[in-house]
Chemist: 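Okay, here's the structure, questions in a sec.
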Amino acid sequence: MSAIGEEDHGAPIFKAVSSSARQLFQLLNCIRFASKAQVQISNEGLRFAVEESRVMQGIVFLDKALFTTFNCTIPEPDPPNDDPDSLTPDLPNFSISLSALLETLQIFGAADLTTTRFSKPDGDAYGSNIRPGRPNAFSNQALGMAGVCRLSYAGIGSPFSIILEESGVTTTCNLNTYEPEGAEEIPFQRDAMQVKIIMQARWLFDAVSELSSTSPSRLDITAHTGAPYLSLSAAGPLGSASVEFSKGRDLLETFTVAEKWTQSYKFEMIKAAAEAMRLASKVSVRGDEQGVLSLQFMVEVEGGGVSFVDFRFVPFIREEDEEDEDSSQEEGDYEDDDDA
Amino acid sequence: MAVLTFSINPEALGKLHDALVCLGKFSEAVCLEASSDRLVLTALNSSKSAYASFTLLGNKFFSKYHYKPPRSSNQAKEKFTCKIYNKALLSVFKGRVVDPIREKDTAIERCDVSVEDGEGKTRSRFIIKIICRHGVLKTYRLTFESVAPMHALFVKESANNSWSISSKTLREFVEHFGPGTEQLDIYSEDGRVSFTSYTEKIMSGNEILKQPLHTTIAVDTLEFGEFVVEEKLHIVISVKDFKSIIAHAGIMNTMVQALYSRPTSPMQLSYSEDGILSEFILMTIGESRGASAPPVPNTSRANSKRPALRQPLEATSSSKRATISMPPPPTTAGPSQGREPTRARVSRPSPPPPQPSLQSEALFVTEAEDDRRWDPTNFDEEEDEMLLWDTPGNKEPVTMNSGHLQASGNRNGSTNGHSGQQVEDGDQSYTIPTQRLAPTQRVSEVCEESVLWPSTH
C-alpha cells in the first residue's frame with residue numbers, strides 16, 4: 001500500500017482535489033459490499049464498480065463536480081502500450097482495494113459515527129435511521145476545519161495516491177493498483193423495461209429493514225397494475241413478512257408497469273444496498289424482461305449537486321412450483337385485503 | 001377463520017413492545033393466551049424460578065378486541081393458547097415507537113392483529129398488519145406453536161407479608177445494585193428496610209472465581225405506600241429477575257406491590273397501568289427453616305437457619321445425594337451474618353425432606369415433561385436438582401456456579417474413586433471459603449479450612 005511503484009510516467013494522468021473526503025467516503029461506502037473496485041477515470045469523473053458473484057453489481061460515479069479541481073489527461077493513443085482487448089482502451093482503468101480506500105478516506109473521521117468500519121452498513125440499528133450525511137453542528141466542515149483531499153494517478157502500474165490534509169496534519173497514502181478484472185456489466189435491457197418506479201429511497205430502506213427481521217433468504221418484488229401497486233415480501237424461518245405500498249399514487253413518484261411483474265432476489269444482496277437506500281433521497285427501481293433489477297439512487301451531496309449510485313441484480317430463476325406457491329400466497333393476500 | 005382479532009393504537013403498541021422486551025428477559029418464547037376479554041402474555045424462565053405475565057385487558061388496552069372461540073369438535077374452547085418465539089414478535093414491534101416526530105413519514109397509524117387457526121386449508125398464522133402513514137401496509141405472518149402455557153401459581157391468602165412502593169423509587173434503588181451481584185436480600189427491622197444485593201465469594205482451590213460484593217440500600221418504611229412485613233425476615237430473590245421487572249415497571253409511574261410469605265415460597269410482584277396488569281412470580285431463597293416445620297414465628301428462625309452451611313465435616317453419608325451434589329452455597333444475607341452469634345453453632349445436618357417436590361408442583365401447573373436442564377447424567381440426581389431451589393437444605397437456585405461446584409465435586413470423587421463421604425468433604429471445603437465474608441471469622445479457622453481441600457485429594 002505504501003510502496004511507490006515504478007518510476008513516474010511523467011505528468012500524472014489524473015489529478016483531482018476535493019474539499020472534503022467525506023462526500024467521497026459516503027458515496028463509496030454505499031458499495032462497500034465487495035473488497036475490490038474497478039476504477040475507470042474519464043474526463044467526466046471517476047467510476048468505481050464492484051460486483052459480487054456476477055449477480056450483483058454496484059457502481060458509484062464520482063462526478064467531477066464533486067471536486068474543486070479535476071484534471072484528467074487521457075494519454076494519447078499509444079499503440080504499443082494499448083491493451084487491445086480492453087473495451088475502453090483509451091481510458092485509464094485499474095482495480096483497487098476498496099476497503100483500503102475507505103479506510104484512508106475516513107482517517108480523519110469522515111465517517112459518521114454510525115458507519116464506522118466495525119458496523120456493517122446494513123442499517124440494523126433502527127435509531128440510525130435518520131438520513132446520515134446531513135451537516136452536523138459539530139462536523140469538521142461546520143467547525144471550519146475542512147480538510148483537503150488530493151487524488152492522483154500517474155499511469156498504469158503506479159499507485160493511486162491520496163493525500164489528506166486536515167488542520168495541519170497530512171496523510172499520504174499510496175494504494176497499489178491492480179490489473180483491471182474485465183468484468184462485464186450485468187446487462188440491463190433498457191428497451192425491454194417492464195417496470196419503472198421512482199420513489200423515496202427512505203421507503204425502500206424502511207421496507208427492506210422491516211423485512212430483514214424475518215431473516216429471509218429471498219426477497220420477492222412484485223409490481224401490480226392495480227391495488228397494492230408495489231409489494232416486497234420475504235419469508236424466513238419465523239414466518240413471512242410483506243410490505244405493500246397500496247396507496248401507490250401518493251407514494252410513488254413514477255409508477256409504470258405494463259403487467260404484473262414478479263421477481264425474486266437474494267435478500268442479502270438487496271440488503272447490501274441498504275447504505276445507499278439510507279443515504280439517497282430518491283431511488284429509481286427498474287426491472288427488465290429478464291428480471292434484472294436496476295436500482296439507481298440519487299444522493300444529494302453536501303453543498304448541492306447530486307450523485308448517482310447504481311446497483312444491478314440478477315434474479316433467481318423462477319421455478320414452476322415456486323410460482324404455484326406464490327400464487328397461493330397471493331390468494332391469501334387478497335383474502336386478507338377483503339377482511340381489512 | 002380468525003380466532004382472535006384485535007387492533008392496537010400506536011401508544012399501546014409501545015407498551016406492548018415494552019412488555020415483550022421484559023418477557024424476553026425471562027424466556028425466549030412468549031406464551032399467549034386469549035380469552036373473551038383479555039390476552040395474557042406469559043414467560044417462564046428455563047430454570048422455572050421466575051415467571052412473568054402481562055394481562056392485556058380487551059376493552060382497555062386494545063382499541064378493538066374480538067375473540068371467537070375456535071370450533072372444536074369436542075366443545076368450544078374457552079381459551080386459545082399459543083407460543084411464539086419472542087424474537088419474531090420483537091422484530092415486528094421493535095422500537096418503532098421511538099421518535100414519532102423524526103420518523104413522521106413512516107409512523108404507524110394502526111396495528112391490526114389476527115390469529116388464524118383451524119383445521120383444513122387455513123394456515124395457522126399469527127398475522128400482524130401494520131398500517132403506516134401513506135398507506136404503507138406491512139404484513140407479518142408468524143408461525144406459532146400451539147401449546148398450553150405453564151402458569152406459576154401464587155396463593156395470595158398465604159402471603160402474610162406485603163409492601164408496595166412507587167416504581168420510580170424502586171428504579172432508583174436498582175441503579176445502585178452492583179452489576180455483578182446475583183442475589184437480592186430484602187430485610188426489615190425497626191422501620192428500616194434493607195435491600196442488599198450481593199454475590200458470594202466462590203473459590204475453586206486457590207482460584208477465586210467470584211469476588212464478593214455487597215450493596216445495601218436502607219430505606220425507611222415511610223417510603224413505602226404500604227408495609228406489612230414480618231420483622232427480621234430475610235427473603236432472597238435473584239437480582240437479575242428483579243432488575244428485569246423494575247426495568248419495565250420503572251417506565252411507568254405506578255405502585256409495585258410485593259406479596260410473599262416466607263423464604264422458599266414464591267413472591268409475587270405486581271402492578272398495573274392502562275389496561276395492562278403485570279404480574280411476576282419469583283422463587284425466593286434465603287434461610288430456610290426446616291421445611292417440614294410449619295411456618296413458625298420468626299423468632300425461631302434465626303436459630304434454625306442454614307443447617308447445611310454450618311454442617312461440620314463429619315457430615316455423614318446418610319445425607320441425600322442432593323445435598324451432596326449441591327452444596328448449599330452460603331446464601332444468607334450478608335448483613336445478618338455479623339449479627340448472629342449463633343452461627344458458629346454446629347447444627348445437625350437435616351436431610352432435606354421430600355416435601356419440596358410438593359411445593360414445586362404447587363408453583364407450576366405442568367412441569368413434568370419439560371426439557372431437562374443441565375443435561376443430567378442421572379435421572380435421580382436430576383430429579384433432586386430440579387427441586388433444589390426450593391429445597392430447604394439448598395438455598396441457591398440452580399445456577400451455573402453451583403453447577404460448577406457440583407461438577408468439581410463429582411470429578412473429584414470419581415477420579416479418586418473415593419466414597420461419597422470424601423466427595424462431601426470436598427464440597428464442604430468449596431463452600432467454606434465463601435463464608436469468610438463474615439467479619440467474625442477467625443483467621444485460624446480460615447487457614448484450617450483452606451488446608452482441608454488438598455487433603456481430599
Side-chain angles (χ1 to χ4, degrees), chain A residues 123-131 134 199-216 227-253 281 325 328-340, chain B residues 1-2 5 7 17 28-30 64 66 82-116 121-145:
Chain A
D124 264 344
Y126 212 75
S128 63
N129 205 348
I130 336 131
R131 275 245 294 287
R134 292 273 160 246
M199 62 195 284
Q200 280 194 44
R202 294 250 336 115
W203 299 120
L204 196 60
F205 174 73
D206 190 51
V208 169
S209 51
E210 204 69 61
L211 297 180
S212 69
S213 62
T214 52
S215 51
Y229 294 94
L230 172 65
S231 82
L232 308 176
S233 58
L238 299 176
S240 65
S242 72
V243 177
E244 287 170 4
F245 297 89
S246 30
K247 286 184 190 159
R249 287 174 209 293
D250 308 337
L251 283 170
L252 311 171
E253 199 176 294
S281 52
E325 194 188 296
S328 65
Q329 178 78 29
E330 275 150 24
E331 277 166 27
D333 285 349
Y334 293 130
E335 280 170 24
D336 295 338
D337 290 336
D338 294 339
D339 291 344
Chain B
M1 193 57 235
T5 50
S7 300
H17 175 253
E28 61 179 22
V30 180
K64 209 167 72 189
H66 180 70
C82 71
K83 191 172 181 179
I84 299 183
Y85 197 41
N86 198 352
K87 212 175 134 194
L89 285 173
L90 272 178
S91 60
V92 174
F93 298 113
K94 68 189 161 205
R96 43 174 109 242
V97 260
V98 298
D99 238 345
I101 303 135
R102 217 188 290 167
E103 299 281 309
K104 199 165 49 187
D105 281 351
T106 51
I108 296 175
E109 291 190 333
R110 203 177 74 227
C111 174
D112 292 340
V113 178
S114 64
V115 180
E116 305 219 343
K121 76 187 265 286
T122 46
R123 294 186 180 193
S124 292
R125 289 286 185 279
F126 191 86
I127 301 166
I128 301 153
K129 292 187 176 198
I130 293 175
I131 297 110
C132 299
R133 197 158 300 184
H134 302 301
V136 176
L137 171 67
K138 298 167 181 173
T139 312
Y140 294 86
R141 290 182 171 78
L142 306 180
T143 49
F144 60 82
E145 190 186 348

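Reminder, nothing fancy here: chain letters follow the sequence lines and each chain counts from 1. From a predicted model like this one, the values you see are computed outputs, not experimental measurements.
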Chemist: Count the heavy atoms belonging to other residues, nucleotides or ligands that lie under 6.0 Å from CD of Glu28(B), then report whether that count exceeds 12.
Modeler: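 Incorrect, the count does not exceed 12.
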
Chemist: Let me confirm one number: the OG-NZ distance from Ser213(A) to Lys138(B), rounded to the nearest 0.5 Å.
Modeler: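 One finds 10.0 Å between OG of Ser213(A) and NZ of Lys138(B).
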
Chemist: Are any non-hydrogen side-chain atoms of His134(B) and Phe245(A) less than 4.5 angstrom apart?
Modeler: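 Side chain of His134(B) against side chain of Phe245(A), heavy atoms only: no contact under 4.5 Å found.
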
Chemist: If you count heavy-atom pairs under 4.5 Å with chain B, which of Leu232(A), Leu238(A), Val243(A) comes out on top?
Modeler: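 Most heavy-atom pairs within the cutoff with chain B belong to Leu238(A).
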
